[in-house]
Amino acid sequence: IAGITQAPTSQILAAGRRMTLRCTQDMRHNAMYWYRQDLGLGLRLIHYSNTAGTTGKGEVPDGYSVSRANTDDFPLTLASAVPSQTSVYFCASSVSGLTSTDTQYFGPGTRLTVL
Amino acid sequence: AQSVAQPEDQVNVAEGNPLTVKCTYSVSGNPYLFWYVQYPNRGLQFLLKYITGDNLVKGSYGFEAEFNKSQTSFHLKKPSALVSDSALYFCAVSAATGGSYIPTFGRGTSLIVHP
């Protein structure tokens with residue numbers, strides 16, 4: 001059982017370039033999330049999706065977009081990367097985002113550096 | 001709005017001694033509280049959660065947490081620390097946000113257990 005996979009593991013990107021971070025889960029969870037982790041700031045929610053076909057904005061959505069065409073995949077796109085988007089990005093999933101008791105399952109992360 | 005505070009950036013404890021990692025929260029309505037652990041270069045892993053019922057919650061790896069409603073706290077504890085417990089610990093609170101339950105994470109506390 002793989003759980004959640006993320007790709008790439010790490011990436012160095014020139015400012016202004018477009019980049020898509022991939023996230024796939026095999027647990028058939030309804031809800032998926034994207035977080036960024038920055039030193040001293042903890043985890044901040046970028047976007048989320050409660051079910052395939054729906055998405056919502058989190059705490060720091062600017063400069064990012066997501067799509068949820070099916071249950072398993074939840075890609076995060078940076079249309080035009082900027083250095084402030086240098087961070088570690090985590091994808092997560094839960095059985096149902098509508099349930100307050102949900103535990104989240106996290107992927108291994110993508111370390112992104114924007115120069 | 002909901003929020004979580006982890007007042008200590010770092011906690012140092014000797015192996016074999018008890019440990020406490022502090023967390024306080026602020027929510028409207030009933031709080032649903034979580035602890036996650038992050039080992040170096042890994043994603044977060046679920047440790048335990050409080051939903052309702054007994055204020056003392058037991059979780060993975062011998063950890064437990066005590067929910068204190070009057071102090072709005074949910075401190076993580078372990079009777080006897082191990083060097084392998086050294087990691088980054090995150091407290092999270094979940095409450096209703098526009099019909100969904102999206103967790104808010106604290107900034108994290110680095111636990112260092114000395115041999």
Side-chain angles (χ1 to χ4, degrees), chain A residues 2-7 9-10 21 23-25 27 29-51 54-61 68 87-111, chain B residues 1-10 21 23-25 27-53 57 59-60 65 67 87-110:
Chain A
I4 297 181
T5 58
Q6 292 184 237
T9 302
S10 65
L21 307 185
C23 174
T24 300
Q25 54 109 352
M27 298 176 283
H29 284 173
N30 285 317
M32 297 187 74
Y33 312 82
W34 274 106
Y35 293 91
R36 58 178 290 172
Q37 182 179 25
D38 302 289
L39 190 64
L41 296 177
L43 270 73
R44 293 181 292 169
L45 182 67
I46 305 171
H47 285 286
Y48 67 94
S49 169
N50 282 325
T51 189
T54 69
T55 62
K57 294 181 179 180
E59 180 184 357
V60 288
R68 187 90 184 275
S87 187
V88 181
Y89 291 86
F90 287 99
C91 180
S93 71
S94 63
V95 173
S96 169
L98 298 177
T99 304
S100 61
T101 61
D102 264 4
T103 296
Q104 291 196 323
Y105 298 83
F106 286 80
T110 293
R111 183 175 297 275
Chain B
Q2 60 194 40
S3 65
V4 173
Q6 294 182 242
E8 302 154 317
D9 291 334
Q10 184 172 302
V21 182
C23 171
T24 59
Y25 65 89
V27 295
S28 300
N30 294 324
Y32 303 102
L33 296 153
F34 304 78
W35 276 103
Y36 290 83
V37 59
Q38 184 182 29
Y39 298 102
N41 300 312
R42 303 286 296 275
L44 278 69
Q45 299 175 31
F46 170 76
L47 273 181
L48 52 81
K49 63 183 177 184
Y50 171 82
I51 305 303
T52 187
V57 179
S60 307
F67 170 65
L88 191 58
Y89 290 80
F90 289 94
C91 182
V93 64
S94 177
T97 304
S100 298
Y101 291 85
I102 306 296
T104 298
F105 285 82
R107 297 186 175 186
T109 298
S110 178

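Convention: sequence-line order gives letters A, B, ...; per-chain numbering from 1. Computed from a predicted structure; not experimentally measured.
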Looking at every heavy atom in both A/Phe106 and B/Leu44, which two are closest together, and how far apart are they?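 So the two residues come closest at CB-O, 3.4 Å.
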Determine whether a donor-acceptor pair (N or O, by modelled atom type, separation under 3.5 Å) exists between the side chain of B/Tyr36 and the backbone of A/Gln104. yes
Counting only heavy atoms from other residues, nucleotides and ligands, does the tally under 6.0 Å from [atom1] of [X] exceed 12?
X        : atom1 : answer
A/Tyr105 : OH    : no
A/Arg68  : CZ    : yes
A/Arg44  : CZ    : yes

Checking [X] against chain B: side chain, backbone, both or neither under 4.5 Å from a heavy atom?
X        : value
A/Arg111 : side chain
A/Tyr35  : side chain
A/Leu45  : side chain

Interatomic spacing from CZ in B/Phe105 to CD in A/Glu59 - rounded to 0.5 Å: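 Result: 11.5 Å between the selected atoms.
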Using non-hydrogen atoms and a 4.5 Å limit, figure out which bit of B/Gln38 sits close to chain A: side chain, backbone, both or neither.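 Side chain only.
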Using heavy-atom distances under 4.5 Å, tell me whether B/Leu88 contacts chain A through its side chain, its backbone, both, or neither. side chain
